[in-house]
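Counting starts at 1 for both ligands and their atoms, following the listed order. Keep in mind that what you see is a predicted model, and the values were worked out from it rather than measured.
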Amino acid sequence: MKAVVINQPGDSSVLSIEERPMPVPDKTHSVMKIHAFGVHRYEVLTRAGGSPDVKFPRVIGVEAVGEVYATTPDSGLKVGQRVFTINGGFGREFDGSEQEYALLPNDRFFIADYQGDWVKFAQYPETFYTAFGSLKTLKLVAGQELLIRGGTTSVGLAMLQLAKAIGLKVTATTRKPERLQQLLDFGADQAILDTNNELQTEQKFDGIIDMVGTVTVNNSLAHLAKGATCCMMGLLAGEWVLKEFSPFELIDKYLTTFGSDDVDQDLVDEMFELINQHHIEIPITKVFPLSEIAAAQDFVMTNTNMGEVIVSNDL
Ligand SMILES: NC(=O)c1ccc[n+]([C@@H]2O[C@H](COP(=O)([O-])OP(=O)(O)OC[C@H]3O[C@@H](n4cnc5c(N)ncnc54)[C@H](OP(=O)(O)O)[C@@H]3O)[C@@H](O)[C@H]2O)c1
């Protein structure tokens, strides 16, 4: 089987397509045949050596959709079962999605009630689960006002659709004036600029998702209504540490975060029910075969269109 191995960090030329033996299931692990997966900027950062906990050689890629290919009798899995996986060490502590087959712990196989083709299915696991899980931390109900800071990201676009489906009023941000109309076309009730990390509005919101990160979180808190929550779950600006923070900013407000590592099957079921009911999807900008993984990663870094980039093993 083919695997994209990174032997040392670097640019896309370090992605080496190698022939490897088929993985074999054991008492605690089964084999997934990978049909498709999303490609993300944060994985390109890992490839370049930006994730200190990832040791090379490694096959990266934190999510995949596919089927159970080989398992053992007590695993609780069935050969041919349609599954997906995200995180939990996948593509970081052990080999991830950039290969044809992967060996996974049995408890990292998740089930989705989704009947679309593999490429469409591949847009959902990491991007939508992150969006839905983050949204849930805000505990909003229909009619309330949500702000998505980083509205043009794939996670932001997914969240916008999910939030509209549960009846929220959604404001989404971008740094680029030419993208405001695109956000409205995509279903946002309001689109606003985020200029030099300042929201260009006086409005307060019942809940805020902040994906820009530590550099904007104080400004986000200033735009929260009393009793409301801000979930800072992305670091687009690349700053890990919150340098200036006054705890008194939090009086009668809440700050939290979300990580897609812990996958709750009930939350997955609720999310796919919403997706199926409202036919929710985001644009798929381009689909690449595994043999063009370097081009796929380069494209993700230069792509100016909003949406997901997918690799399909069936091309
Ligand atoms: N917590 C979790 O479990 C989890 C899981 C997955 C992803 N994430 C995070 O979620 C975020 C979105 O991921 P994604 O893959 O959906 O992103 P993406 O689609 O690659 O996002 C691209 C967009 O990010 C915006 N952007 C880039 N640099 C920025 C900066 N310095 N300041 C503000 N905006 C910037 C740009 O929007 P404009 O130019 O239009 O402003 C750009 O179009 C990332 O921070 C990612 O790390 C978190």
Side-chain angles (χ1 to χ4, degrees), residues 37-46 50-51 60-63 85-92 96-97 122-138 147-162 171-186 188 191-200 208-217 219-220 230-240 256-264 267 271 282-286 296-310:
F37 58 88
V39 183
H40 305 286
R41 281 170 169 255
Y42 43 86
E43 292 164 329
V44 177
L45 192 77
T46 302
S51 300
I60 64 166
V62 299
E63 63 168 336
T85 192
I86 54 175
N87 292 324
F90 190 56
R92 299 180 66 81
S97 55
Q123 75 185 284
Y124 295 110
E126 173 72 350
T127 296
F128 275 73
Y129 188 71
T130 301
F132 196 55
S134 305
L135 195 53
K136 283 291 208 175
T137 67
L138 305 184
L147 174 79
I148 305 175
R149 197 163 193 168
T152 60
T153 60
S154 297
V155 173
L157 296 177
M159 195 180 298
L160 170 48
Q161 304 296 304
L162 292 164
T171 301
T173 75
T174 171
R175 298 166 303 167
K176 302 191 176 91
E178 67 274 19
R179 284 187 157 180
L180 291 170
Q181 187 58 45
Q182 281 176 274
L183 284 170
L184 296 173
D185 294 345
F186 206 71
I192 60 170
L193 281 175
D194 193 349
T195 309
N196 299 325
N197 299 331
E198 298 276 339
L199 294 173
Q200 301 304 297
I208 297 180
I209 298 290
D210 191 331
M211 278 176 258
V212 181
T214 54
V215 298
T216 48
V217 76
N219 185 249
S220 290
C230 171
C231 177
M232 195 209 74
M233 41 53 72
L235 294 171
L236 286 168
E239 280 270 341
W240 285 80
T256 189
T257 187
F258 177 79
S260 55
D261 246 16
D262 286 332
V263 181
D264 175 347
L267 202 60
M271 182 181 90
I282 60 172
I284 292 174
T285 326
K286 203 160 176 181
Q297 288 194 0
D298 289 343
F299 181 80
V300 159
M301 297 312 280
T302 52
N303 179 23
T304 51
N305 296 316
M306 301 192 289
E308 284 271 303
V309 175
I310 306 288

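If you number the atoms of ligand 1 from 1 as listed, the ones under 4.0 Å from a heavy atom of S260 come out as 3 (O), 5 (C). Distances below 4.0 Å separate heavy atoms of R41 from the following atoms of ligand 1: 20 (O). Here is the list of ligand 1 atoms found below 4.0 Å of a heavy atom in V212: 32 (N), 33 (C). Below 4.0 Å from some heavy atom of T174 lie the following atoms of ligand 1, by number and element: 38 (P), 40 (O), 41 (O). Every atom of ligand 1 is numbered from 1 in the order shown, and the set under 4.0 Å from a heavy atom of F258 is 1 (N), 2 (C), 3 (O).
Protein heavy atom at the shortest distance from atom 6 (C) of ligand 1 is E126 OE2, 3.3 Å. Protein heavy atom in closest approach to atom 46 (C) of ligand 1: Y42 CD2, 3.8 Å. Looking only at heavy atoms of the protein, atom 10 (O) of ligand 1 is closest to M233 CE, 3.9 Å. Ranking protein heavy atoms by distance to atom 42 (C) of ligand 1, first place goes to R179 NH1, 4.0 Å. Given atom 44 (C) of ligand 1, the protein heavy atom at minimum distance is L236 CD2, 3.8 Å. Protein heavy atom at the shortest distance from atom 13 (O) of ligand 1 is V155 CG2, 4.0 Å. The closest protein non-hydrogen atom to atom 38 (P) of ligand 1 is T152 OG1, 3.4 Å. Among protein heavy atoms, the minimum distance from atom 39 (O) of ligand 1 is reached at K176 NZ, 2.4 Å.
Of all heavy-atom pairs between A131 and A158, the closest is CB-CB, 4.0 Å. Closest heavy-atom contact between S260 and N87: OG-ND2, 2.7 Å. When every heavy atom of T46 is checked against every heavy atom of R92, the shortest pair comes out as OG1-NH1, 3.7 Å.
Between G259 and ligand 1, not a single N/O pair is under 3.5 Å apart. Not one N or O of G156 is nearer than 3.5 Å to an N or O of ligand 1, by distance alone.
Residue contacts with ligand 1: T127 is excluded, as none of its non-hydrogen atoms falls under 4.0 Å. Distances from ligand 1 to the non-hydrogen atoms of G150 include no value under 4.0 Å.
Within 6.0 Å of CG on D262 lie no more than 12 heavy atoms contributed by other residues, nucleotides or ligands.
By the criterion of a heavy-atom distance under 4.0 Å, neither the backbone nor the side chain of M306 is placed next to ligand 1. At a heavy-atom cutoff of 4.0 Å, ligand 1 is contacted by the backbone of L235 but not by its side chain.
Among T153, T130, L45, the residue whose heavy atom sits closest to atom 22 (C) of ligand 1 is T153. For atom 19 (O) of ligand 1, the nearest non-hydrogen atom from the set A158, G151, S154, G234 comes from S154. Taking all heavy atoms of E63, E308, E43, R175 into account, the minimum distance to atom 34 (N) of ligand 1 is reached by R175.
Between the T257 side chain and the M232 main chain, a donor and an acceptor come within less than 3.5 Å of each other. Using a distance-only test at 3.5 Å, with no hydrogens or angles considered, a donor-acceptor pair links the side chain of T214 to the main chain of E239. Counting only distance, with no hydrogens or angles, the side chain of E43 and the backbone of V62 share a donor-acceptor pair below 3.5 Å.
Taking the side chain as every heavy atom from C-beta outward, Q297 and I60 approach each other to under 4.5 Å.
Checking each of T171, L236, I209, N219 against R149 for a side-chain contact (heavy atoms from CB on, under 4.5 Å) leaves exactly one that passes, namely N219.
Q200 is linked by a side-chain hydrogen bond (donor to acceptor under 3.5 Å, both in side chains) to nothing, counting only residues two or more places apart in sequence or in another chain. Applying the ring-ring contact (aromatic ring centres under 6.0 Å, His included) test to F90 and every residue at least two apart in sequence or in another chain returns nothing.
A side-chain N or O of D210 and one of S220 form a donor-acceptor pair less than 3.5 Å apart. A donor atom on one side chain and an acceptor atom on the other are not found under 3.5 Å apart for T152 and Q182.
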